[in-house]
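To start, the structure under review is shown below, and the notes come after it.
Lettering of chains follows the sequences in order, A, B, ..., and the numbering in each one begins at 1.
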Number of protein chains: 2
Amino acid sequence: MMVDRDTPASSHPAPNGNTASRKRSVLQEEIQQNRPFKSKGQEATLALFRTADILRRKTSEVFSDSGITHQQYNVLRILRGAGDDGLPTLSIADRMIEQTPGITRLIDRLVAKELVIRERVPNDRRRVQCFISESGLELLASLDEPVDGNDDRVMGMLNEDEKTHLVELLDKIRLGLRELEPK
Amino acid sequence: MMVDRDTPASSHPAPNGNTASRKRSVLQEEIQQNRPFKSKGQEATLALFRTADILRRKTSEVFSDSGITHQQYNVLRILRGAGDDGLPTLSIADRMIEQTPGITRLIDRLVAKELVIRERVPNDRRRVQCFISESGLELLASLDEPVDGNDDRVMGMLNEDEKTHLVELLDKIRLGLRELEPK
DNA sequence: CAAAGATACTTGACTAGTCAAATAATAACC
DNA sequence: GGTTATTATTTGACTAGTCAAGTATCTTTG
């Protein structure tokens with residue numbers, strides 16, 4: 001009834017030339033799986049998802065004491081960068097590292113914490129301009145050092161060349177995905 | 001009032017030797033930012049988050065027609081791999097690519113869709129053993145080809161050596177993070 | 001064997017992500 | 001100058017992630 005594909009006991013040679021007897025990869029150990037990956041592409045995507053997840057979790061520790069989340073921090077950073085002019089709601093979404101359709105509600109929470117100020121634009125009343133508040137600036141200032149330190153710490157196991165190469169590979173993936181059937 | 005750090009107009013030389021006049025990186029273009037990154041470590045973490053986000057979004061397209069999410073798909077894969085023995089709830093969580101504290105409710109939804117079957121273990125009534133159903137197996141079977149194709153397609157812009165190197169770099173990050181103050 | 005501790009979940013109360021539909025204001029066109 | 005289209009944002013209804021606090025059910029230990 002159960003097909004042997006996926007089963008830990010499978011001993012079929014894999015398309016990528018691995019066999020079940022080959023030493024398991026780091027990722028396979030982590031997710032307790034003996035079946036070899038179907039392709040390097042599969043291994044790469046899974047490794048990317050897992051690494052990003054662990055890194056996000058580690059990085060969140062820096063913010064959690066301040067009572068804000070990673071996404072809320074990103075909004076504050078963007079608004080600090082925008083300066084006194086502020087930014088309209090959807091322009092903030094455009095600049096987020098991770099796409100954020102729920103930007104309105106995210107900012108709602110920052111307004112509730114009085115870290116962000118919002119106001120309708122008189123010239124164009126469709127738009128809502130957002131600004132970082134004084135206490136928002138103070139909170140960010142207190143986080144600058146911990147955040148910078150964390151970025152270097154979590155990448156500390158790679159030397160500068162490796163970091164550069166990683167960035168190049170990731171850039172290449174994103175550029176390649178843009179071409180892929182924009183649908 | 002506004003510090004010039006973070007402002008798009010900043011012209012300070014960056015710690016990594018870049019200057020504001022240097023050509024913007026791919027990532028900087030994407031998030032519309034002129035200020036150079038504070039370090040390679042910062043650029044690498046942001047590139048990793050952004051790439052994983054875009055990749056997750058692209059990959060979700062494969063599942064959305066079937067009415068399941070990426071995480072639900074992962075649970076089904078794990079249960080198919082477990083075979084007729086099934087797996088207890090928390091063992092599934094251990095094997096997920098991304099950590100999933102809400103595993104109970106995730107499986108609730110799969111049970112509601114009749115893709116998973118759950119039952120208390122008689123020997124140890126604390127445990128709940130989970131199994132994939134026949135229709136779960138059928139659904140997975142119909143997704144095998146699209147999923148495998150997607151994994152290769154989204155990594156198609158990298159050659160085998162590049163994929164291997166990417167996996168190595170990501171493995172190195174995760175191994176390094178394990179050491180980092182287990183706290 | 002009873003009390004204390006450890007396991008394996010489960011639930012509650014949030015924050016977020018996702019997609020579709022609604023609103024509201026401005027722009028473009030005839 | 002009154003539609004029609006477009007833009008900017010909001011809302012609703014889910015799914016999911018997060019953390020803390022339960023609730024059974026074993027297991028261990030005095």
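Two residues, A:Asp53 and A:Pro88, neighbour DNA chain D, and the one matched to the more 5' nucleotide by heavy-atom proximity is A:Pro88. Comparing A:Ser64 and B:His70 along DNA chain D, the residue whose closest nucleotide (by nearest heavy atom) sits nearer the 5' end is B:His70. Nearest-nucleotide positions on DNA chain C for B:Arg56 and A:Val121 put B:Arg56 closer to the 5' end.
Following rounding to the nearest Å, B:Arg120 (CZ) and C:dT7 (C1') show an atom-to-atom distance of 12 Å. Rounded to whole Å, the distance from CD1 on A:Ile107 to P on D:dA8 is 15 Å. Remark: P of C:dT11 and CD1 of B:Ile103 are 15 Å apart, rounded to the nearest angstrom. In this structure, CG of B:Leu115 is placed 13 Å from P of D:dT15, rounded to the nearest angstrom. Per the geometry, CG belonging to B:Leu106 stands 15 Å off C1' belonging to C:dC9, to the nearest Å. The CD1-C1' distance, from B:Ile68 to D:dC14, rounds to 16 Å in whole Å. Residue A:Asp108 contributes atom CG, which lies 15 Å from atom C1' of C:dG17 at whole-angstrom precision. Counting to the nearest Å, the P atom of C:dA16 and the CG atom of A:Leu110 are 8 Å from each other.
Ion pairing between a basic and an acidic side chain is recognised when a charged N comes within 4.0 Å of a carboxylate O; B:Arg178 and A:Glu30 show such pairing. Electrostatic pairing of A:Glu160 and B:Lys40 does not count as a salt bridge here, judged by no charged N lying under 4.0 Å from a carboxylate O. Of the charged side-chain nitrogens involved, none lies within less than 4.0 Å of a carboxylate oxygen, so that A:Asp108 and A:Arg105 do not count as a salt-bridged pair.
The two atoms that bring B:Tyr73 and B:Leu140 nearest to each other are CE1-CD2, 3.5 Å, heavy atoms only. Looking at every heavy atom in both residues, B:Ile78 comes nearest to B:Ile92 through CD1-O, 3.9 Å.
At a threshold of 4.0 angstrom between heavy atoms, the contacts of B:Glu98 with the nucleic acid are absent. At the heavy-atom level, A:Thr100 lies under 4.0 Å from the strands shown only through sugar-phosphate atoms. A:Asn123 comes within 4.0 angstrom of the backbone, heavy atoms only, and of no base.
Considering only side-chain N and O atoms, A:Arg126 lies nowhere under 4.0 angstrom from the phosphate OP1 or OP2 of C:dA24. The side chain of A:Arg109 contributes an N or O atom lying less than 4.0 Å from OP1 or OP2 of C:dA16. An OP1 or OP2 oxygen of D:dG17 is reached within less than 4.0 angstrom by a side-chain nitrogen or oxygen of B:Gln71. Contact check, B:Gln129 against C:dA8: no side-chain N or O comes under 4.0 Å of OP1 or OP2. OP1 and OP2 of D:dT18 both lie 4.0 Å or more from every side-chain N or O belonging to B:Gln99. At least one side-chain nitrogen or oxygen of B:Arg57 sits closer than 4.0 Å to the OP1 or OP2 atom of C:dT18. Under 4.0 angstrom from either OP1 or OP2 of C:dC9 there lies no side-chain N or O belonging to B:Thr104. Side-chain N/O atoms of A:Thr89 include one lying less than 4.0 angstrom from OP1 or OP2 on D:dT9.
Picking from C:dT15, D:dT10, D:dA16 the nucleotide with the shortest atom distance to the side chain of B:Gln72 gives D:dA16. Among the nucleotides C:dG12, D:dT15, C:dT26, the one closest to any side-chain atom of B:Arg105 is C:dG12. Comparing D:dG17, C:dT26, D:dA16 by their nearest atom to the side chain of B:Pro101 picks out D:dG17. Between D:dT15, C:dC9, D:dT18, one nucleotide has an atom nearer to the side chain of B:Arg127 than all others, and that is C:dC9.
A:Gln71 and A:Thr100 share a donor-acceptor pair across their side chains, judged by distance under 3.5 Å alone.
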